[in-house]
Amino acid sequence: MDRINVTKSFLPPMAEYQAYLARIWDADQLTNQGPLLQEFETKTSNYLGLDNFHFVSNGTIALQVALQALDITEGEVITTPFSYVATTSTILWQRCDPVFVDINPDNFCMDVTKIEAAITEKTRAIMPVHVFGFPCEVEKIEAIAKKHGLKVIYDAAHAFGVKYHGKSLLDYGDISTCSFHATKLFHTIEGGCIVAPDDAVSDKVELIKRFGHNGDEHFMLGINAKASEFQAAMGLCNLKYIDGNIAKRKVIFEKYSQLLNASFQKLALNDPNVDYNYMYYPVVLKDEPTLLKVVAALNEQNIFPRRYFYPSLNKLPYLDSNQSCPVSESISSRIICLPLYVGLELEQVERIANVMNNSL
Ligand SMILES: *Cc1c(COP(=O)(O)O)cnc(C)c1O
């Protein structure tokens with residue numbers, strides 16, 4: 001039996017990548033805002049309908065540059081405990097203190113009703129995550145941020161291709177970032193982007209991502225967040241397939257929903273204002289022992305789901321403070337993401353659903 005992992009990187013036909021490689025050899029430029037990177041930025045931002053789009057080397061440095069460009073270098077940043085570790089680690093890397101606001105158990109995003117209680121004099125920004133591509137309550141978050149003079153940075157690593165009220169979910173907040181890592185919905189091998197609607201902020205991002213200087217003139221502290229021509233080439237190849245890939249994922253997603261026992265808590269995609277990207281298929285089990293039982297049954301069949309996201313980030317061992325987030329801790333202990341990728345056969349989906357249902 002073939003091993004089935006939670007995800008599998010999409011690869012375009014090799015000849016299409018090779019055609020771009022030939023262009024790199026011809027142009028003789030490997031990195032530093034080369035022609036393929038510029039073409040990739042134009043095509044991707046047009047596809048998403050975004051201005052001020054910056055292609056960078058990964059989704060983690062995108063968050064770090066976003067914080068730096070908004071001058072968030074001290075104080076507290078309100079964030080979610082239910083995410084990948086990079087959401088919290090970038091806040092710590094900026095020498096800021098993460099303050100965790102617990103999540104809404106229905107969509108796993110930050111519970112907006114709990115944000116204001118977490119605001120102090122030291123709060124500088126709110127960094128929510130559209131986790132699994134499910135939109136946060138962006139209007140309410142914007143209203144709270146405005147009222148208290150805070151910046152909003154969305155970690156939109158899962159939001160590529162998601163539309164909310166007909167526009168890209170990356171078009172919200174002072175800055176939104178995305179990851180184009182090989183395991184993500186849309187990838188450039190390693191990579192990510194920063195979307196900064198305000199022109200002045202966007203200009204700062206442009207400088208910071210290239211060491212903070214232009215020629216011999218040094219303006220501010222910067223870092224190296226540049227992506228190469230080889231990453232841009234992979235992105236240009238993959239962009240052609242994105243709509244088709246989202247459609248294929250939708251078929252798999254709906255098959256799971258149709259087959260899985262009603263007692264599994266699934267993500268309810270019933271908001272008519274959201275065009276979803278079908279990036280993940282999370283399932284919440286009754287409790288952790290049930291999770292361990294279901295995972296063991298799947299592993300026995302060579303099927304490997306992932307515990308996304310575990311542990312709850314407020315429990316990271318290297319945090320100074322001991323903050324409690326009971327909802328996130330509970331969900332984290334009993335949620336798994338099922339295999340979902342282009343190339344997963346419907347009969348494999350049936351097999352996975354059967355093992356899940358029978359393990360109850
Ligand atoms: C993947 C991911 C990141 C990090 O992106 P990289 O490109 O791997 O650095 C950040 N936040 C979330 C929520 C992610 O899933």
Side-chain angles (χ1 to χ4, degrees), residues 5-10 40 44 53-68 77-94 96 98 100-101 103 107-110 125-136 152-162 169-170 172-173 175-195 209 223-228 230-232 234-235 238 249 267 277-282 305-314 316 325 328 331-332 335-337 340-341:
N5 288 320
V6 68
T7 192
K8 187 173 171 181
S9 298
F10 175 77
F40 173 75
T44 310
F53 175 96
H54 302 264
F55 180 35
V56 294
S57 51
N58 62 68
T60 303
I61 208 151
L63 285 168
Q64 202 186 317
V65 170
L67 286 161
Q68 187 75 25
V77 177
I78 289 175
T79 190
T80 171
F82 190 71
S83 182
Y84 183 60
V85 67
T87 312
T88 295
S89 65
T90 47
I91 295 170
L92 293 167
W93 205 264
Q94 284 299 106
C96 296
F100 297 98
V101 165
I103 58 169
N107 63 19
F108 318 131
C109 291
M110 189 183 278
I126 309 174
M127 201 155 102
V129 178
H130 305 296
V131 73
F132 304 137
F134 201 96
C136 297
V152 179
I153 298 167
Y154 284 108
D155 179 347
H158 306 165
F160 194 92
V162 179
L169 195 52
L170 288 157
Y172 290 85
I175 290 183
S176 284
T177 66
C178 193
S179 166
F180 303 153
H181 183 257
T183 56
K184 300 296 207 276
L185 178 85
F186 169 77
H187 81 88
T188 60
I189 311 171
E190 292 271 358
C193 72
I194 301 171
V195 181
K209 80 181 191 206
I223 198 164
N224 181 359
K226 288 179 280 110
S228 75
F230 294 79
Q231 292 164 289
M234 183 60 82
N238 287 345
R249 301 175 81 98
L267 201 56
N277 66 1
Y278 306 95
M279 183 164 173
Y280 292 96
Y281 199 98
R306 273 293 295 270
R307 296 189 71 175
Y308 285 147
F309 288 97
Y310 177 82
S312 186
L313 296 173
N314 56 306
L316 284 172
C325 297
S328 175
I331 300 275
S332 277
I335 191 168
I336 51 172
C337 283
L340 175 51
Y341 51 83

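All values below were derived from every heavy atom in this structure, side-chain atoms included, with hydrogens, water molecules and symmetry-related copies excluded. Note that ligands are numbered from 1 as they come in the structure, with each ligand's atoms numbered from 1 the same way. Counting from 1, the numbers follow the sequence of the chain as shown. Values in this document were obtained by computation on a predicted structure and should not be read as measured data.
For Arg306 (side chain) and Val6 (main-chain N/O), no donor-acceptor pair under 3.5 Å exists by modelled atom type. Put simply, the side chain of Asn277 gets close to the backbone of Phe160: a donor and an acceptor are under 3.5 Å apart. Ser332 contributes a side-chain N or O that, together with a main-chain N or O of Phe309, makes up a donor-acceptor pair within less than 3.5 Å.
Shown in contact with Ala157 at under 4.0 Å from a heavy atom are these atoms of ligand 1, numbered in order with element: 2 (C), 11 (N), 12 (C), 13 (C), 14 (C), 15 (O). Atom numbering of ligand 1 starts at 1 in the shown order; those under 4.0 Å from a heavy atom of Ser83 are 13 (C). Residue contact check: Lys184 has heavy atoms under 4.0 Å from atoms 1 (C), 2 (C), 14 (C), 15 (O) of ligand 1. The ligand atoms of ligand 1 that sit less than 4.0 angstrom from a heavy atom of Gly59 are 5 (O), 6 (P), 7 (O), 9 (O).
Not a single heavy atom of Gly192 sits closer than 4.0 Å to an atom of ligand 1. Put simply, part of Gly191 is less than 4.0 Å from ligand 1, judged by heavy atoms. Contact between Glu190 and ligand 1 is absent, with no heavy atom of the residue lying under 4.0 Å from the ligand.
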Table please: side-chain donor-acceptor pairs of residues 182-190 below 3.5 Å, with sequence neighbours left out.
{"unit_1": "Thr183", "atom_1": "OG1", "unit_2": "His181", "atom_2": "ND1", "d": "2.8"}
{"unit_1": "His187", "atom_1": "ND1", "unit_2": "Ile189", "atom_2": "N", "d": "3.0"}
{"unit_1": "His187", "atom_1": "NE2", "unit_2": "Phe10", "atom_2": "O", "d": "2.7"}
{"unit_1": "His187", "atom_1": "NE2", "unit_2": "Asn238", "atom_2": "ND2", "d": "3.2"}
{"unit_1": "Thr188", "atom_1": "OG1", "unit_2": "Glu190", "atom_2": "O", "d": "2.8"}

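Inclusion of Tyr84 in the set of residues having an N or O under 3.5 Å from an N or O of ligand 1 is not warranted. The shortest N or O to N or O distance between His158 and ligand 1 is under 3.5 Å. At least one N/O-N/O distance between Asp155 and ligand 1 falls below 3.5 Å.
Just one of Ile153, Ile78, Val77 meets the side-chain contact (heavy atoms from CB on, under 4.5 Å) condition when paired with Ile91; it is Val77.
In Thr60, the parts holding a heavy atom less than 4.0 Å from any atom of ligand 1 are both the side chain and the backbone.
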